[in-house]
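Accompanying notes for the structure given below.
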There are 2 protein chains.
Amino acid sequence: MEQTLKVAKPPMPNMPPATGHMLKVPKIPKMTVRRLSDYYRILRTLESQGDTEPLSSEKMSRLTGFTAAQVRRDLAYFGSFGKRGVGYDIGDLQQSLRSILGIDHPWSLALVGVGNLGTALLSYPGYRAQGFHIVAAFDSDATKHGRRFGNLVVRPLEDLAETAREHNISMAIVAVPASEAQAVIDTIVAAGIKGILNFAPVKLQVPPGVFLEKVDLSIEIEYLSYLLTNS
Amino acid sequence: MEQTLKVAKPPMPNMPPATGHMLKVPKIPKMTVRRLSDYYRILRTLESQGDTEPLSSEKMSRLTGFTAAQVRRDLAYFGSFGKRGVGYDIGDLQQSLRSILGIDHPWSLALVGVGNLGTALLSYPGYRAQGFHIVAAFDSDATKHGRRFGNLVVRPLEDLAETAREHNISMAIVAVPASEAQAVIDTIVAAGIKGILNFAPVKLQVPPGVFLEKVDLSIEIEYLSYLLTNS
DNA sequence: GTTTGTGAACAGATTCACAGCT
DNA sequence: AGCTGTGAATCTGTTCACAAAC
């Protein structure tokens, strides 16, 4: 009844022609994984409100705005977490999602770029559940070296590899100008960091095995502009 | 040969059964529009580098990482901007995209929530091409009222409707805690603002005709966590 | 009776491949 | 000859609808 720690039952319908080494769960849509974060947030909220009733996909649908079928399908990619006729146990499902998302343990992050955005990200409380810790900050601007933010000291970018090793850093947040971004990314990759969240509005190259996600304010605002213009 | 100012030729293949009033371009995938911002950025970069050669979809493909077919299809949703055998004119296409995206004129924005993230967004230079101007800042915390950021003064949230009217504000950026977000959104909607970019990690309701986009740091980081965990 | 998990149907987006224009 | 614009084919993701489980 407990679904902990392992991503259960990767269903393997129509596998592609067997791609060499395949340590990966077959093929989960990116949007499914992102919705998992939403489900997880809802579960935390419900639990914090003392709600202990099993949760149906129908109720989750109302809380998230996704369809109930979508909720069930999303979860079913990873296993059978519910009880038919009953629903999903709030605590159990939460734990399962933590395990799937890899947030059942803390992560150490590096921040590169201590400008306006970077400093805001340092103090942003949005690293939910305290699982994500920025343990080092870097900047290529020497005038910023040694500056303190809380208990962090800004270091030269050249120290990244060493610090990453020392603190077991596995993700980096990049908040530098577009013109510097590729060089920074190269340094991060060279330091062995495999997950990067980039805020610079530019297309960047990473080698296979390194995951690069981007947040692009320009795209968001321009999309709103489009919607307001063409409606 | 010039493609200016109007979103040309909305191709209307299989229209749905004629939905009452339809001032809208038929049905453009959201991701298509977002890629338009990427294309636009590339064009600006090329132009700033003095590149004046016509641009093929193949070259755009190399610059953006999308396929050439995708580039052509995306653009073709909005009209015929290229010349067969030649490619797309950098200046003309730029102007067409500006027009489609609605960024051929400036936009006035309000910022609500002058915490860490909010203040960073105030000074963030990422509102590309200076088309997007934050002309007013609001906070519900009275201790922040009157505080200055550059030439902006933080005002009480109650002033939003009046200020929005005065300055013709049509978009708002929301950077408040999740617990306050829905109330803030309601105020923004009541002020007649129809485009909202939300940074609060919570599901929010807006009436039809109001566009709400979200940027959720937790989801981005948790998705990286997922990728690093399940690979 | 209720709600999950899932094949099958459907809808939507991407890619193919080529006719048509320059 | 070269490159766009676009039907047709393919691929991917979502929704339907119901048998299985409780």
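For the numbers below, each heavy atom of this structure counts, side chains included, while hydrogens, waters and symmetry mates do not. Lettering of chains follows the sequences in order, A, B, ..., and the numbering in each one begins at 1.
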Determine the interplanar angle of the H105(A) and W107(A) rings, folded into 0 to 90°, and report it as parallel if under 30°, tilted if 30 to 60°, perpendicular if over 60°.
->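 The rings of H105(A) and W107(A) sit tilted, inter-plane angle from 30° to 60°.
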Whole angstroms only, please: what is the [atom1]-[atom2] distance between [X] and [N]?
X: F78(B); N: dG5(D); atom1: CZ; atom2: C1'; result: 15 Å
X: R72(B); N: dA19(C); atom1: CZ; atom2: P; result: 15 Å
X: K83(A); N: dC22(D); atom1: NZ; atom2: C1'; result: 9 Å
X: F81(B); N: dC21(C); atom1: CZ; atom2: P; result: 19 Å
X: Y77(B); N: dG7(D); atom1: OH; atom2: C1'; result: 13 Å
X: E58(B); N: dT4(D); atom1: CD; atom2: C1'; result: 13 Å
X: K30(A); N: dA13(C); atom1: NZ; atom2: C1'; result: 16 Å
X: L75(A); N: dT14(D); atom1: CG; atom2: C1'; result: 15 Å

dT4(C) base / R84(A) side chain donor-acceptor hit below 3.5 Å |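 Side chain to base: pair present.
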Do any N or O atoms from the side chain of S225(A) and from the backbone of G102(B) form a donor-acceptor pair under 3.5 angstrom?
->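 Between the backbone of G102(B) and the side chain of S225(A) there is a qualifying donor-acceptor contact (under 3.5 Å).
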Ignoring hydrogens and angles, tell me if any N or O in the side chain of T64(B) forms a donor-acceptor pair with the backbone of M60(B) under 3.5 Å.
->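 The answer is yes, because a donor-acceptor pair under 3.5 Å joins these two groups.
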Could you check which of dT3(C), dG5(C), dT14(C) has an atom nearest any side-chain atom of S56(A)?
->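 That would be dT3(C).
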Nearest to side-chain heavy atoms of A76(B), which nucleotide of dT6(C), dG5(D), dT3(C) |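 Out of dT6(C), dG5(D), dT3(C), the nucleotide with an atom closest to A76(B)'s side chain is dG5(D).
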Whether [X] contacts [N] is assessed here as follows: a side-chain N or O lying under 4.0 Å from the phosphate OP1 or OP2. Is that the case?
X: S57(A); N: dT3(C); value: no
X: T67(B); N: dT15(C); value: yes
X: Y88(B); N: dG2(D); value: no
X: Q70(A); N: dG13(D); value: no

For K59(A), all residues meeting side-chain hydrogen bond (donor to acceptor under 3.5 Å, both in side chains), sequence neighbours excluded =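 With neighbours one apart ignored, the set is D51(A).
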Do the side chains of V215(B) and N198(B) get nearer than 4.5 Å, heavy atoms only?
->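 No - every pair of side-chain heavy atoms lies 4.5 Å or more apart.
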Find which nucleotide of DNA chain C each of T32(B) and A69(A) is nearest to by heavy atoms, and output the residue with the more 5' nucleotide.
->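 Nearer the 5' end of the strand: A69(A).
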Looking at R34(A), R35(A), R41(A), which one forms a salt bridge (charged side-chain N to carboxylate O under 4.0 Å, His left out) with D216(B)?
->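 Only match with D216(B) under salt bridge (charged side-chain N to carboxylate O under 4.0 Å, His left out): R41(A).
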What pairs with T67(A) under side chain to side chain contact (heavy atoms under 4.5 Å, CB included), at least two apart in sequence or on another chain?
->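 For T67(A), the residues satisfying side chain to side chain contact (heavy atoms under 4.5 Å, CB included) (neighbours in sequence not counted) are A69(A), Q70(A).
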Check nucleotides 7-11 of chain C for protein N or O atoms closer than 3.5 Å to its own N or O atoms and list the pairs.
residue : atom : partner : partner atom : Å
dG7(C)  : N7   : R73(A)  : NH2          : 3.3
dG7(C)  : O6   : R73(A)  : NH2          : 2.6
dA8(C)  : N6   : R73(A)  : NH2          : 3.2

5' precedence on DNA chain D between M31(A) and G82(B) (nearest-nucleotide basis) |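 This one resolves to G82(B).
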